[in-house]
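Reckoned from all heavy atoms, side chains included, excluding hydrogens, waters and symmetry mates.
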Amino acid sequence: MAKKEPKTDLWVADQLKDCGIRFDAQGSDVKEIDEALKTASKRGTGRVGYPEYTAVIGDFVIVIEDKASIDRQIKMTDSGILDTSVNAVMDYAVNGAYFYAKHIAQHTPFKKVFAIGVSGDEKHHVITPVWVDDREGYKMLPDIESFISFSKQNIGEYYTRYVLNEATDVEKTTEQILKDAAQLHEYLRTYGTLKDQDKPLVVAGILLALDEIEYKGFAIDLLTGDQVEGSRDGDKLMNAIRTRLTRSNVGPDVKKDILLSEFSILQNSFRLNEVNETLGKTPLKYYTEFLYEHVFRNIKYQKTSEDFIGRFYGEFMRYSGGDGQTLGIILTPRHICELMCELTDVKMDDKVLDPTCGTGGFLISAMHRMLTMADTDTQRRHIKKEQLYGIELQNNMFAVAATNMILRGDGNSNLECCDFLKKNPAQVQLKGATVGLMNPPYSQGSKADPTQYELSFVEHLLDSLTVGARAAVIVPQSSMTGKSKAEQVFKASIMKHHTLEGVITCNTDTFYGVGTNPVIAVFTAHEPHDPEHVAKFIDFRDDGYEVRAHVGLVEGDSAKDKKQHLLDVWFGRTEAASKFCVESTVKPEDEWLHSFYYFNDEIPTDADFEKAIGDYLTFEFSMVMQNREYLFKGDDEDAESK
């Protein structure tokens, strides 16, 4: 019978190539595997039998069988186990892949084997991996969208998480990002002589061009180092960027023009387009290959709110010494973005505004949270296109943020490049934002220009939201003390028009390496603060995140538990001692910090009393031994001695 799966075969092969997986069709170049398959007939005849594809990746083997119809993906027995009958193995993708994988595990030295069943076509398909051992055992794993988890870089971590059921090694991931960022920074400096502000733009522009590979509008092989005007590598990248922006329906034209202007460094730099003797290619091609391998795939298949471009931006700046602090630019860590989304209880139908959006970290976190609540593609499209709104003043940051959103499927990327403080709040309010998230520029305000104080941004944000909207901002502790007259005026004005729900004191290392002690303040917009309203002030400095040498701030073992406790206390699901949370009425002149309202509400125990007496007696004995017993004589005894 003629095979019905040629289109599926070709699609699977293309997917494997895209993920950098070297594979063999209808057999294996590895002698032990090929020998084993010579006795792997599905019909049980002991003759030859070959799966569609096999691949050896380190000490792992993957075996792939595919079927044209999704109905032929998998067959289970009535008792709920994988059917291993001849007909099931012949007719179903997962069952066939399992048959071959088990045979390899039992008849070769390879014992780490994945069976992968694929059915359908490019548009509608199912990919099901199964872990197989050599003792008739197997483990069904969650369906996947691509083969990226089985690439050389990812298969070990995939095995650890899904087969061994161990937690993802966050530190390892962080170390890899730091390593890649340091390496790329060095390449950008050595081969491109790029200025600090141009580095993230080169990265973002190349990533946009790489996104056109999916539509056949760009290929890395096109970068040949041609020096003819209009055919240089930078010209080809810019053409792909232009097409990608058009495909994403980025508008209006002025916005598109800003982005193209920022990315023009790719065309205008002679050094980037000149073939480098050491590399044997242009720096642009070298960077494109590096980014495709280390960053693009991660973004393309990432389902968390990880802000990869943002983290790379931060690392570029850290290594170059130009971390943006002179501009007050401090990128918000991912776990803080996620926490602030949870504190404001972002829901699927919310519209989220970040008026100082940087690289887009808050918007990405909010988007992913809302997408997990969506049930239909229509809802998901609406979230991406209509429910995320950002403003950024710096052109280069705006370009990076727009790229970050476009790469994650926000086709229109609702971002504006302008000065938020100069926008009329009533006009911004027409956007209908029900949640505001912000990390404003730090340390820019002064007596000469009080409009740049963090509290000025906070008030402007609250004024720009709809009635009853929730807002969370992360600002320095000093903003909550409000020592200057201008800051006191801002605090009074905020409470006159809006409600302070509470302030959370954060880990002092949250912005590791910057030296800022941050707090998260949460508000309800356009509801004047009732003098009797009780706000919550929480000390969350011990959040479970810790600084590791050569890595920075990483999630510790207790971080998830501590975060859950914080949320339980915040939403009133549990009570806490005053050393963690104080509930109090608030005045504008107060310091809006846990330390200001804190009181010790713990009743001393008998052990506390005994320890205090013991400490006193130890001290008294020590003084007597030093001939200082006079310290313990009373006034009456002193009078008699006189």
What's the separation between atom [atom1] in [X] and atom [atom2] in [Y], rounded to the nearest 0.5 Å?
{"X": "M340", "Y": "I336", "atom1": "CE", "atom2": "CD1", "value": "8.0 Å"}
{"X": "L223", "Y": "N273", "atom1": "CG", "atom2": "CG", "value": "9.5 Å"}
{"X": "I220", "Y": "Y286", "atom1": "CD1", "atom2": "OH", "value": "13.5 Å"}
{"X": "I391", "Y": "F420", "atom1": "CD1", "atom2": "CZ", "value": "6.0 Å"}
{"X": "E186", "Y": "Q183", "atom1": "CD", "atom2": "CD", "value": "9.5 Å"}
{"X": "E416", "Y": "C357", "atom1": "CD", "atom2": "SG", "value": "10.5 Å"}

Output all residues satisfying salt bridge (charged side-chain N to carboxylate O under 4.0 Å, His left out) with D233, sequence neighbours left out; order by chain, then residue number.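 By the salt bridge (charged side-chain N to carboxylate O under 4.0 Å, His left out) rule, D233 matches no residue at all.
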For a 4.5 angstrom cut-off between non-hydrogen side-chain atoms, does [X] reach [Y]?
{"X": "D350", "Y": "T344", "result": "no"}
{"X": "L237", "Y": "Y287", "result": "no"}
{"X": "D9", "Y": "E52", "result": "yes"}
{"X": "I21", "Y": "I62", "result": "yes"}
{"X": "D543", "Y": "H335", "result": "yes"}
{"X": "P441", "Y": "F457", "result": "yes"}
{"X": "L259", "Y": "F398", "result": "yes"}
{"X": "F362", "Y": "M438", "result": "no"}

Only counting residues at least two apart or in another chain, list the ones meeting side-chain contact (heavy atoms from CB on, under 4.5 Å) with [X].
{"X": "D59", "answer": "K112"}
{"X": "T451", "answer": "D449, S456"}
{"X": "Q387", "answer": "M370, H382, I383"}

Looking at R22 and D29, is any side-chain nitrogen of the basic one under 4.0 Å from a carboxylate oxygen of the acidic one?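 Looking at D29 and R22, the cut-off is met.
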Show the nearest heavy-atom pair for residues [X] and [Y], with the distance to one decimal.
{"X": "D509", "Y": "L553", "value": "O-CD2, 3.5 Å"}
{"X": "L388", "Y": "A366", "value": "CD2-CB, 4.4 Å"}
{"X": "P333", "Y": "F511", "value": "CD-CE2, 3.5 Å"}
{"X": "S365", "Y": "R334", "value": "OG-O, 4.4 Å"}
{"X": "T54", "Y": "S28", "value": "OG1-CB, 3.6 Å"}
{"X": "A433", "Y": "L353", "value": "CB-CB, 3.7 Å"}

Here's a test for you: under side chain to side chain contact (heavy atoms under 4.5 Å, CB included), which of D198, T403, L184 qualifies with V203?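 Per the side chain to side chain contact (heavy atoms under 4.5 Å, CB included) rule, the option paired with V203 is L184, out of D198, T403, L184.
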Intermediate values then yes/no, side-chain contact (heavy atoms from CB on, under 4.5 Å), L363 and N404: CA-CA 10 Å; L363 297 177; N404 226 350; over 6 Å; no
With no hydrogens and no angle check, is any side-chain donor or acceptor of [X] less than 3.5 Å from a backbone partner on [Y]?
{"X": "K563", "Y": "L339", "result": "no"}
{"X": "Q267", "Y": "G234", "result": "no"}
{"X": "S151", "Y": "I148", "result": "yes"}
{"X": "T516", "Y": "P518", "result": "no"}
{"X": "S269", "Y": "I265", "result": "no"}
{"X": "Y191", "Y": "T278", "result": "no"}
{"X": "K236", "Y": "L222", "result": "yes"}
{"X": "D66", "Y": "V12", "result": "no"}
{"X": "D235", "Y": "S231", "result": "yes"}
{"X": "H125", "Y": "T8", "result": "no"}

Name the residue from R380, R381, Q379 that meets the side chain to side chain donor-acceptor pair (under 3.5 Å) definition with D377.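 Result for side chain to side chain donor-acceptor pair (under 3.5 Å) with D377: R380.
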Pick from F23, F114, W11: which one makes a ring-ring contact (aromatic ring centres under 6.0 Å, His included) with Y53?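 Testing Y53 for a ring-ring contact (aromatic ring centres under 6.0 Å, His included) against F23, F114, W11 leaves exactly one candidate, F23.
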For Y159, enumerate each residue passing the ring-ring contact (aromatic ring centres under 6.0 Å, His included) test, keeping only those at least two apart in sequence or located in another chain.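 Checked Y159 against ring-ring contact (aromatic ring centres under 6.0 Å, His included); matches are F60, W131.
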Taking only residues at least two apart or on different chains, which pairs with a member in residues 259-282 satisfy salt bridge (charged side-chain N to carboxylate O under 4.0 Å, His left out)?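 For residues 259-282: K281-E289.
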Yes or no on side-chain contact (heavy atoms from CB on, under 4.5 Å) for S149 and Y162, after CA distance, side-chain angles and deciding distance? CA-CA 11 Å; S149 294; Y162 289 102; over 6 Å; no
Applying side-chain contact (heavy atoms from CB on, under 4.5 Å), run through I520 and C506 and close with a yes or a no. CA-CA 7 Å; I520 296 172; C506 298; 3.6 Å; yes
Should the pair F150 and Y158 be assigned to parallel (<30°), tilted (30 to 60°) or perpendicular (>60°) ring geometry?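 If you compare the ring of F150 with that of Y158, the planes turn out tilted.
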Show the numbers, then the answer: is there a side-chain contact (heavy atoms from CB on, under 4.5 Å) between L393 and T356? CA-CA 7 Å; L393 175 61; T356 57; over 6 Å; no
